[in-house]
Amino acid sequence: MAKDGVAPGNAGQLSEEAIGYLDALYRMALRLTGNTHDAEDLVQETYLRAFRSLHQFQPGTNLRAWLFRILMNAFINEYRRQARRPTNTSLDELDEFSLYHQMRANNSHQVSGQPEQEVVTRLTEERVLAALDELPIEFRQVVQLADIEGFTYREIAEVLGIPIGTVMSRLHRGRRRLQRLLAPSVCHSPSLCQGRSSLC
Amino acid sequence: MLNCDDMAERLYPYLDRELSPEEMAAVKRHLQDCPPCRHWFVFEENILRYIGECGRKVRAPEELAARIRELRQS
Ligand SMILES: [Zn+2]
């Protein structure tokens with residue numbers, strides 16, 4: 001029995017625990033590949049690799065992050081072109097867009113109560129997912145990991161193999177860009193924009 | 001003491017609970033004293049929560065789950 005790895009008896013329990021992350025891994029795969037067929041293949045490949053190397057997993061460390069790292073590696077391996085597709089991620093004004101301040105600027109006398117309620121009722125799940133998919137992949141990854149799966153900055157840094165500072169800046173910019181993408185749907189409300197928004 | 005100009009860069013690290021305990025407390029104090037910043041932070045927090053809820057509605061198809069379980073047996 002390996003000193004550091006998983007005892008055979010625990011492997012069954014560990015693989016059961018790993019299967020518990022299926023929905024989360026599938027969601028990530030779907031956002032990365034953009035279609036259900038490739039997402040299913042990617043998840044299957046992820047579990048294949050995970051089950052094969054379960055004995056290398058260090059008990060007590062983060063199984064979920066470990067699985068996501070395997071998924072990212074499999075993605076980069078098999079979808080190299082997609083993964084590396086050069087995207088325009090140079091800093092621009094999109095990265096500082098604020099939906100809240102835009103809404104306030106558009107009708108300063110009216111945003112008093114809870115503008116987020118207006119936003120939420122105007123945004124369908126489909127619209128949110130479509131906007132996520134429009135983000136450049138560098139931003140999409142971190143937003144998915146942080147906002148949908150609730151990973152910490154440190155975990156995201158581990159999963160993606162990037163410094164924490166990079167996680168923070170991509171997350172900030174990704175969230176701002178997401179708001180910019182969602183703005184037209186939100187501001188399509190007369191009560192929020194009164195036709196004066198540059199976004200509508 | 002933090003002022004309003006200090007808040008933008010702390011927005012997300014605060015909502016993500018990634019600031020040091022001292023910084024978390026300082027931001028919290030400012031939010032208690034400053035309604036405009038507080039409204040903004042609450043807005044952002046709710047938007048993030050909603051995006052998370054939308055994203056998590058996606059579930060793996062049942063036949064994929066079955067295939068993964070088969071994979072585990074072999
Ligand atoms: Zn303030």
Side-chain angles (χ1 to χ4, degrees), chain A residues 12 15-16 18-19 22-31 36 39-40 43-44 46-48 50-51 96 98-101 103-104 111-117 119-120 123-129 131-132 143-144 146-150 152-154 164 168 171-172 175-176 178-179 182 186, chain B residues 2-24 26-27 30-74:
Chain A
S15 60
E16 190 57 45
I19 289 175
L22 173 61
D23 283 333
L25 291 165
Y26 177 75
R27 290 193 283 263
M28 185 75 190
L30 188 57
R31 297 276 83 75
T36 56
E40 291 191 31
V43 169
Q44 191 165 341
T46 300
Y47 276 103
L48 205 61
F51 291 153
E96 286 311 321
S98 161
L99 189 54
Y100 181 75
H101 294 103
M103 286 169 68
R104 287 202 66 103
V111 176
S112 48
Q114 294 183 297
E116 62 270 21
Q117 291 309 325
V119 174
V120 164
L123 285 179
T124 60
E125 181 192 332
E126 289 71 29
R127 186 68 206 101
V128 170
L129 295 178
L132 262 173
V143 170
Q144 179 77 16
D147 295 342
I148 284 72
E149 303 307 336
T152 64
Y153 294 174
R154 180 172 297 280
I164 286 188
M168 292 176 71
L171 197 50
H172 178 94
R175 285 164 168 172
R176 296 263 159 248
L178 190 60
Q179 289 193 357
L182 294 171
V186 172
Chain B
L2 294 174
N3 59 45
C4 295
D5 291 338
D6 300 321
M7 296 301 273
E9 60 175 315
R10 288 172 174 78
L11 167 69
Y12 290 133
Y14 176 78
L15 295 179
D16 295 328
R17 295 175 177 78
E18 295 267 3
L19 294 172
S20 68
E22 300 75 33
E23 284 259 316
M24 290 296 291
V27 171
H30 181 89
L31 293 178
Q32 278 161 358
D33 298 339
C34 180
C37 285
R38 187 166 67 238
H39 292 153
W40 176 34
F41 274 48
V42 168
F43 176 91
E44 296 279 353
E45 186 177 34
N46 283 311
I47 298 301
L48 286 182
R49 184 183 310 128
Y50 183 66
I51 288 167
E53 284 166 10
C54 289
R56 284 189 299 276
K57 285 193 182 141
V58 177
R59 293 285 158 88
E62 195 39 56
E63 64 271 21
L64 176 63
R67 252 189 292 153
I68 300 298
R69 283 201 191 87
E70 254 168 58
L71 216 66
R72 184 191 166 205
Q73 307 306 327
S74 54

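The chains referred to below are lettered A, B, ... by the order of the sequence lines, with proteins before strands, and numbering in each begins at 1. Keep in mind that what you see is a predicted model, and the values were worked out from it rather than measured.
With hydrogens and angles left out, the side-chain atoms of B:Tyr14 and B:Glu23 include no donor and acceptor closer than 3.5 Å. Remark: the B:His39 side chain and the B:Glu44 side chain contain no N/O donor-acceptor pair separated by less than 3.5 Å.
Most heavy-atom pairs under 4.5 Å with chain B, from the set A:Arg175, A:Met168, A:Gln44: that is A:Arg175. For the options A:Thr36, A:Leu123, A:Leu30, A:Leu25, heavy-atom pairs under 4.5 Å to chain B are most numerous at A:Leu123. Counting heavy-atom pairs under 4.5 Å between each of A:Val43, A:Val128, A:Leu178 and chain B puts A:Val128 at the top. Comparing A:Asp147, A:Leu48, A:Val120 by heavy-atom pairs within less than 4.5 Å of chain B, the highest count is held by A:Val120.
Taking a cutoff of 4.0 Å between a charged side-chain nitrogen and a carboxylate oxygen, B:Arg67 and A:Glu40 qualify as a salt bridge. Under 4.0 Å is where a charged nitrogen must lie from a carboxylate oxygen, and between B:Glu45 and B:Arg38 no such pair does.
Using a 4.5 Å cut-off between heavy atoms, B:Pro36 touches chain A through its backbone atoms (N, CA, C, O) alone. Neither the backbone nor the side chain of A:Arg127 comes within contact range of chain B, judged by heavy atoms closer than 4.5 Å. B:Tyr12 touches chain A through backbone and side chain together, each having a heavy atom under 4.5 Å away. Looking at A:Phe51, only its side chain comes within 4.5 Å of chain B, counting heavy atoms on both sides.
If you take CZ on A:Arg176 and OG on A:Ser98, they are separated by 5.0 Å, rounding to the nearest 0.5 Å.
Residues B:Leu19 and B:Val27 approach most closely at CD1-CG2, 3.9 Å, considering heavy atoms.
In this structure the side chain of A:Ile148 never reaches within 4.5 angstrom of the side chain of A:Met28, judged on heavy atoms. The closest side-chain heavy-atom distance from A:Arg27 to A:Gln144 is below 4.5 Å. At a threshold of 4.5 Å between non-hydrogen side-chain atoms, the residues A:Thr124 and A:Leu129 do not count as touching.
Against chain A, the residues from residues 53-63 of chain B that qualify, each with a non-hydrogen atom under 4.5 angstrom away, are B:Cys54, B:Gly55, B:Arg56, B:Lys57, B:Val58, B:Arg59, B:Ala60, B:Pro61 in number order.
In this pair, A:Tyr100 and B:Trp40 present their aromatic rings parallel. The plane angle is below 30°, not in the 30 to 60° band.
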